[in-house]
Amino acid sequence: MPLTVKSHLRPAERLCHATGALLILSGLVHLVVFAVDGGPWYGPVSWRKPVTFGLSFGATLIAVTWVTSYLRVGARLRTVLLVVFAADCVVEVGGITLQAWRRVPSHLDMETPFDTAVSMTLAVGGGVLVVLLTVFAVASFRHRPMGPTGMALAVRSGFAILLVALASGAAMIARGVVLARTGHQEAAYHSTAPLKPLHGVSLHAVLVLPALAWLLSRTSWSDTVRLRTMEVAVGCYAAAVAGAGVWAVLTY
């Protein structure tokens with residue numbers, strides 16, 4: 001029996017949406033903390049990290065929960081993957097927030113045994129994210145996603161571009177860990193800068209492109225026009241990712 005997108009939310013979906021909302025709220029709260037406490041916005045120790053990671057992980061969790069409803073995967077498998085994904089998002093944002101309040105770097109910090117444990121937990125959590133989102137990406141290409149005209153293209157393109165974000169994130173962590181382990185701690189903190197634009201731009205395609213497909217489905221345009229519009233949007237997004245990639249290569 002073919003799977004269909006349901007209008008009501010399953011318990012796991014409600015849990016993920018609530019968790020995503022709390023992560024976004026955490027990011028907004030820390031934006032207020034930054035406004036009150038001050039300090040640098042950039043650098044390895046700043047309130048920027050709990051702000052941006054809270055907002056980004058929260059939005060991504062909600063987006064992935066919604067977008068995967070268009071995938072042709074078993075309900076039980078999707079539930080397990082989403083719950084693990086939500087838990088991992090909490091661990092990542094929680095570790096980053098903890099270190100921000102301790103006034104120490106969250107990533108690549110090997111100064112003390114505790115900081116090393118936090119840093120390695122975040123690295124392992126990043127690996128878990130890669131596995132989970134790759135499973136969803138593969139599922140989107142194995143079977144054509146459901147949904148209105150253009151949604152299949154949006155979902156597949158969103159996940160494909162998301163893989164670029166995962167690859168760039170893994171590259172940042174790997175290079176930083178090598179530098180930190182070989183005694184170049186300060187260089188490790190700055191080594192991630194060239195890849196950050198590429199990581200940031202490609203991370204949210206899985207939200208932006210399907211959201212556009214959904215909005216187009218609410219218009220009176222013909223299916224042909226909607227599909228052509230989605231193709232142009234995907235092309236523009238891919239160009240932005242390519243531009244960020246060129247910047248990363250030139251400044252790496």
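In this chain, numbering begins with 1 at the start of the sequence shown.
Minimum heavy-atom separation, T219 to R226: O-NH2, 2.7 Å. When every heavy atom of A205 is checked against every heavy atom of P210, the shortest pair comes out as O-CD, 3.4 Å. Y237 and V201 make their closest contact through OH-O, 2.6 Å (heavy atoms, listed as atom of the first residue, atom of the second, distance). Taking all atoms of both residues into account, the shortest heavy-atom contact from G158 to L209 is N-CD1, 4.0 Å. Here the closest non-hydrogen pair linking A86 and T19 is O-CG2, 4.3 Å. A pairwise comparison of heavy atoms in V206 and L203 identifies CG1-O, 4.0 Å as the closest pair.
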Can you give the donor-acceptor pairs under 3.5 Å from side chains of residues 113-126 to other protein atoms, not counting sequence neighbours?
residue: D115; atom: OD1; partner: Q99; partner atom: NE2; Å: 3.0
residue: D115; atom: OD1; partner: R102; partner atom: NH1; Å: 2.6
residue: D115; atom: OD2; partner: T112; partner atom: OG1; Å: 2.9
residue: T116; atom: OG1; partner: T112; partner atom: O; Å: 2.9
residue: S119; atom: OG; partner: L108; partner atom: N; Å: 2.9
residue: T121; atom: OG1; partner: A117; partner atom: O; Å: 2.7

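Residue pairs meeting the side chain to side chain donor-acceptor pair (under 3.5 Å) criterion with at least one member in residues 35-48, sequence neighbours excluded: D37-W47, D37-R103.
Scanning for salt bridge (charged side-chain N to carboxylate O under 4.0 Å, His left out) contacts around E13 gives R78, with sequence neighbours left out.
Residue L207 is found outside any hydrophobic cluster, as its side-chain heavy atoms come under 4.5 Å of no other Ile, Leu, Val, Met, Phe, Trp or Tyr. Clustering of Ile, Leu, Val, Met, Phe, Trp and Tyr by side-chain heavy atoms under 4.5 Å joins V32 with V36. Through chains of ILVMFWY side-chain contacts below 4.5 Å, V246 is grouped with L250.
Side-chain contact between M146 and R72 is present, with heavy atoms from C-beta onward closer than 4.5 Å.
When the side chains of ILVMFWY residues are joined at heavy-atom separations under 4.5 Å, either directly or via intervening members, L162 and I62 end up in two distinct hydrophobic clusters. A single hydrophobic cluster is seen to contain both V135 and V128, as judged by linkage of ILVMFWY side chains at heavy-atom distances under 4.5 Å, directly or through other members. Hydrophobic clustering (ILVMFWY, side-chain heavy atoms < 4.5 Å, transitive): F141 and M151 are in distinct clusters.
With hydrogens and angles disregarded, no donor-acceptor distance shorter than 3.5 Å links the side chain of T97 to the backbone of G94. Counting only distance, with no hydrogens or angles, the side chain of T65 and the backbone of L61 share a donor-acceptor pair below 3.5 Å.
Using the six-membered ring where Trp is involved, F159 and F136 have ring planes that are tilted, between 30° and 60° apart. Ring planes of F57 and F53: parallel class, angle under 30° (limits at 30 and 60°).
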